[in-house]
Protein chains: 2
Amino acid sequence: MLEAIGREITDGDLAQGDTLTLEHIQERFGVSRTVARETMRILESMGLVTSRRRVGITVQDAASWNVFDPRVIWWRLAGSGRDAQLRSLTELRIAVEPLAAGAAAWNASAEQRTRIVELGARMRGLGERGLLEDFMQADIAFHTLLLEASGNEMFAALADVVAVVLRGRTQLGLMPQQPVPEALDAHENVAAAVSAGQYRRAEDAMRDLLGEVREAMAPLGTGNTSLD
Amino acid sequence: MLEAIGREITDGDLAQGDTLTLEHIQERFGVSRTVARETMRILESMGLVTSRRRVGITVQDAASWNVFDPRVIWWRLAGSGRDAQLRSLTELRIAVEPLAAGAAAWNASAEQRTRIVELGARMRGLGERGLLEDFMQADIAFHTLLLEASGNEMFAALADVVAVVLRGRTQLGLMPQQPVPEALDAHENVAAAVSAGQYRRAEDAMRDLLGEVREAMAPLGTGNTSLD
DNA sequence: TGAGAACGAAAGGTAACACCATTGCGGTAA
DNA sequence: TTACCGCAATGGTGTTACCTTTCGTTCTCA
């Protein structure tokens, strides 16, 4: 139910200013008032709707959506806003992940340092064999580990977001049959730098890596970015 | 009610693993079951709790909190997690705002370009006269405008977060009596670069500006950052 | 014509109930 | 003594019925 209505809003099937009523929702889904209310409360807390007495439940403008909520991201990736969503998420990653990698080079524990190297090697193996699903899993683990090792909780919280992007990219068929060698090199390069505590190099290597990502995504349509 | 329980969790008064029951909440606040349930649903959607049958409502580990939710940020800034929160938010700003400023130099409309210059000048005036409250308002408008002009919705969504930080910094008495001249210069510098469409310079100028911010914050306690 | 009063729609809130997934305890058997 | 099975208590989930509050609309009267 949350899924259904959330998707309709994020897809634009329900435009800003449209109103629903609880009764309408009860009928449509065959649920009780309580459940309908709870669902609306959640949508409200995600900024997708507001509810006012007498007026009904009003769909909000996209500007007030909580676009960091993984559910919203997922809905948009699966729906019509996909290109815009992927582009803005990639820019966000370009902003955050290099600094996170640098911080990880500084802060990571010994176990984390060995693990990141392992993951880099694992990605190469899986990538060269074209096992996209497993590759994606390792990729998610790689980026998640770095974001968590950064020691910054806000960066760590973005791990979910990055995971959703990586998963979406694979499941929506936006990945090449086999990852390009440059991407594999880049990951190993980041891993080596982090492992060695070279934070400046880690930062730069991650920036390279994401440059690859942006290139791979370019056919989707070229947005303006701040990078020249 | 949301406020009260949210604060207790983010402050650590309720530790991870503690459980509440709906009945307990009903008694404590003198509300009906329905209302208690709706509140819990919102807390659940913020990742602060999970609810399981037979067990009750369990307080979640900080790692699963939705730390980008402005309410969570605000609670933590007002509570005991303030220093950690300010530090991680500042690192986030260092990651995002330079790229956003660069993008704004590229994408901003003519009105936005004139407005950013006006705001820079206004901040100087207010800052030199020591009108902290008005200065803060202008500061928020300045950063919000840049984030919105970046053309990236994720960056734009961070405007709320930045606003909360700036407001918190002032209202919690963490600002000097009068902003340092370097900060005023930095803002005007960013504004000029954005206005002239010099995206590389805008990016660097914003990085300088945030360097100032980080310096000013340093006495709070020095965390490791990726910048040397 | 316009201001104010009455109406009614729709969300907000309360109460009471049936339902069912857990879980922990106790009893039985190996 | 231990392992397994079954039962009962617990506490969230879902439903229904009903009352309260707000506020946009409409109608009336000056």
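Just so you know, these numbers come straight off a predicted model, no measurement behind them. Order of the sequence lines sets the chain letters (A, B, ...), proteins ahead of strands, with each chain counted from 1.
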Practice item. Could you state the atom-to-atom distance from CD1 of B/Ile57 to C1' of D/dT10 in whole Å? Key: 13 Å
Study note, to complete from the structure: From CZ of A/Arg33 across to C1' of C/dG12 the rounded distance in Å is 9 Å
Review point. Within the modelled atom types, does a donor on one side and an acceptor on the other bring the side chain of A/Arg54 and the base of D/dT22 under 3.5 Å apart?
Key: no
Study note, to complete from the structure: In this structure, CG of B/Leu166 is separated from CZ of B/Arg93 (nearest 0.5 Å) by 5.0 Å
Review point. Across the strands shown, which category fits A/Ser51 at heavy-atom distances under 4.0 angstrom: base, sugar-phosphate, nothing?
Key: sugar-phosphate
Review point. Starting at the 5' end of DNA chain C and moving along, which residue's nearest nucleotide shows up first, A/Thr34 or A/Glu44?
Key: A/Glu44
Review point. Pick the nucleotide of DNA chain D nearest each of A/Val55 and A/Gly30; which residue has the one closer to the 5' end?
Key: A/Gly30
Review point. Any chance the side chains of B/Glu153 and A/Trp65 put a donor and an acceptor closer than 3.5 Å?
Key: no
Check your understanding: Can you check the B/Leu22 CG to D/dG14 P distance for me, whole Å?
Key -> 12 Å
Exercise for review: Go through D/dT15, C/dT23, D/dT13 for me and flag the one nearest to the A/Ser32 side chain.
Suggested key: D/dT15
Check your understanding: Quick one: A/Arg53 CZ to D/dT20 C1', roughly how many Å, whole number?
Key -> 7 Å
Exercise for review: Under 4.0 Å between any heavy atoms, over every strand shown, what does B/Leu20 touch: base, sugar-phosphate, or nothing? Just pick one.
Suggested key: sugar-phosphate
Check your understanding: If you measure from the Lys or Arg side-chain nitrogens to the Asp or Glu carboxylate oxygens, is any gap between A/Glu38 and A/Arg41 under 4.0 Å?
Key -> no
Check your understanding: Roughly how far, to the nearest 0.5 Å, is CG of A/Leu43 from CZ of A/Arg71?
Key -> 9.0 Å
Review point. Whole-Å distance between C/dA11 C1' and A/Leu43 CG?
Key: 16 Å
Practice item. Would you mind classifying the nucleic acid contact of B/Arg52 as base, sugar-phosphate or nothing, using non-hydrogen atoms under 4.0 angstrom? Key: sugar-phosphate
**Study point:** Any B/Arg41 side-chain nitrogen or oxygen under 4.0 Å from OP1 or OP2 of D/dT13
**Key:** yes
Review point. Between atom NE2 in A/His24 and atom C1' in C/dA9, what is the gap in whole Å?
Key: 16 Å
Review point. Has the side chain of A/Arg37 got a donor or acceptor atom sitting under 3.5 Å from an opposite partner on the base of C/dG13?
Key: yes
Point to revise | Whole-Å distance separating the CD atom of A/Glu23 from the P atom of C/dA11 | key: 8 Å
Point to revise | A/Gln26 CD to C/dA10 C1', straight-line distance once rounded to whole Å | key: 11 Å
Practice item. Could you check B/Glu118 against B/Arg122 for salt bridge (Lys or Arg N to Asp or Glu O under 4.0 Å), going step by step and ending with a plain yes or no? Key: CA-CA 6 Å; B/Glu118 284 169 15; B/Arg122 180 172 165 72; over 6 Å; no
